[in-house]
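This is a predicted model, so every value here is computed, not measured. Throughout, protein chains are lettered first and strands after them, A, B, ... in sequence-line order, and every chain is numbered starting at 1.
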Protein chains: 2
Amino acid sequence: MTQPSAPAKAASQEALPRQHRHYTIGELARMFEVTPRTIRFYEQEGLLAPRREGQKRIYREKDRVRLKLTLRGKRLGFSLAEIREVVTMYDAMPDGNARQLWRLLEILADKRDNLERQLEDIRLMRMELDDVDHRAREVLRSLGHEA
Amino acid sequence: MTQPSAPAKAASQEALPRQHRHYTIGELARMFEVTPRTIRFYEQEGLLAPRREGQKRIYREKDRVRLKLTLRGKRLGFSLAEIREVVTMYDAMPDGNARQLWRLLEILADKRDNLERQLEDIRLMRMELDDVDHRAREVLRSLGHEA
DNA sequence: GACGAGGTTTACGTTAACGTAAAGTGCTTG
DNA sequence: CAAGCACTTTACGTTAACGTAAACCTCGTC
């Protein structure tokens with residue numbers, strides 16, 4: 001996802017740091033502030049599939065993106081199973097049969113509904129937090145402390 | 001929270017269904033689509049503290065609100081411990097000492113930061129879901145199915 | 001008075017998502 | 001070549017948030 005689909009500026013200078021191409025597990029772990037164990041676990045759960053160079057895992061740009069998406073999903077409360085459901089189907093898309101694709105669309109609609117409900121939940125919880133905040137500050141003022 | 005602080009229309013007819021006053025555990029469970037076990041567990045974790053009438057638990061309006069807030073927090077990925085941290089401090093507010101109140105303000109700011117990040121996460125994930133959706137529909141069209 | 005529908009406690013079971021420890025491999029550096 | 005560092009596999013441990021089962025009250029009612 002989010003990969004540029006067409007080389008818009010093919011004639012540019014290419015002076016950019018040029019995507020590192022690949023990362024070790026430790027590098028990725030530091031980038032995202034997780035442990036290597038977590039990354040290996042995600043692989044075991046079918047969310048990542050790095051190349052091997054001998055024994056060692058080699059992660060490429062695509063893997064990094066997948067990890068990023070996975071962690072974002074987690075922050076939003078999705079389970080690894082749910083995340084895998086979308087991520088793997090996405091990869092199976094090009095050769096996917098129609099039934100699979102329709103299923104994918106269903107899942108996507110589902111997730112989006114989920115997000116919409118979360119937006120509403122956030123809105124409500126914000127109001128409540130603000131409310132508690134105001135009350136706390138008032139009590140503090142009544143105690144003589146300036147907030 | 002969300003309790004009306006002043007009786008704006010004190011002279012009204014009071015013809016409303018008049019807050020049920022109390023609920024059984026089964027009623028609450030059905031209202032929020034959880035099991036009684038869940039509600040008892042939340043009590044055990046210090047999130048609820050219903051009255052007892054003999055052996056039976058009696059939940060009042062306040063308890064219902066707390067349960068609602070708790071479940072909302074859960075949907076947003078907060079742990080029961082985090083939720084308790086806010087909810088119980090809120091109750092301890094009136095007689096709370098200054099240090100506790102400042103601590104509460106800290107926690108609130110923390111939660112709000114959390115929510116802001118979630119908003120951004122939702123925005124990004126929405127875009128990605130839309131992206132995948134579009135691609136899937138294109139593949140479907142290329143297969144001759146009208147989406 | 002048997003019974004079913006609700007409630008209760010106690011306690012062990014389960015799942016997800018890792019943590020942690022042990023033991024081994026491979027490189028490069030003093 | 002010993003030491004250290006980063007990686008590997010295997011496997012058991014842990015925590016949160018309940019599920020599930022057993023065994024028990026206590027009503028209203030048939």
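Nearer to the 5' terminus of DNA chain D, by closest-nucleotide assignment, is the contact made by A:R30 (compared with the other of B:A81 and A:R30). Judged by closest nucleotide on DNA chain C, B:P36 is the one of B:P36 and A:Q55 placed further toward the 5' end. Between B:R37 and B:G26, the residue anchored closer to the 5' end of DNA chain C is B:G26, taking for each the nucleotide with the nearest heavy atom.
Rounded to a whole Å, the CZ atom of A:R40 is 13 Å from the P atom of D:dA6. D:dC5 atom C1' lies 15 Å from atom CD1 of A:I25, rounded to whole Å. Spacing between atom CZ of B:R57 and atom C1' of D:dC25 amounts to 14 Å, rounded to whole angstrom units. The separation between A:H22 atom NE2 and D:dC7 atom P is 13 Å, rounded to whole Å.
The two residues A:T70 and A:I83 make their nearest non-hydrogen contact at O-CD1, 3.5 Å. Nearest heavy atom pair, residue A:M125 against residue B:L76, reads SD-CD1, 3.8 Å.
On the nucleic acid side, DNA chain C has its first and last nucleotide under 4.0 Å of a heavy atom of chain B at C:dG7 to C:dT9, going 5' to 3'.
Comment: B:E120 does not engage B:R117 in a salt bridge, judged by the lack of any side-chain N to carboxylate O separation of less than 4.0 angstrom.
A sub-4.0 Å separation between OP1 or OP2 of D:dA6 and a side-chain N or O of A:T24 is absent.
By the 6.0 Å contact criterion, CD on B:E53 is open, its count of non-hydrogen atoms from other residues, nucleotides or ligands being 12 or less.
Here the side chains of A:R64 and A:F32 are in contact, with some heavy-atom distance below 4.5 Å.
Hydrophobic clustering of Ile, Leu, Val, Met, Phe, Trp and Tyr side chains at less than 4.5 Å, counting indirect connections, keeps B:I58 apart from B:L47.
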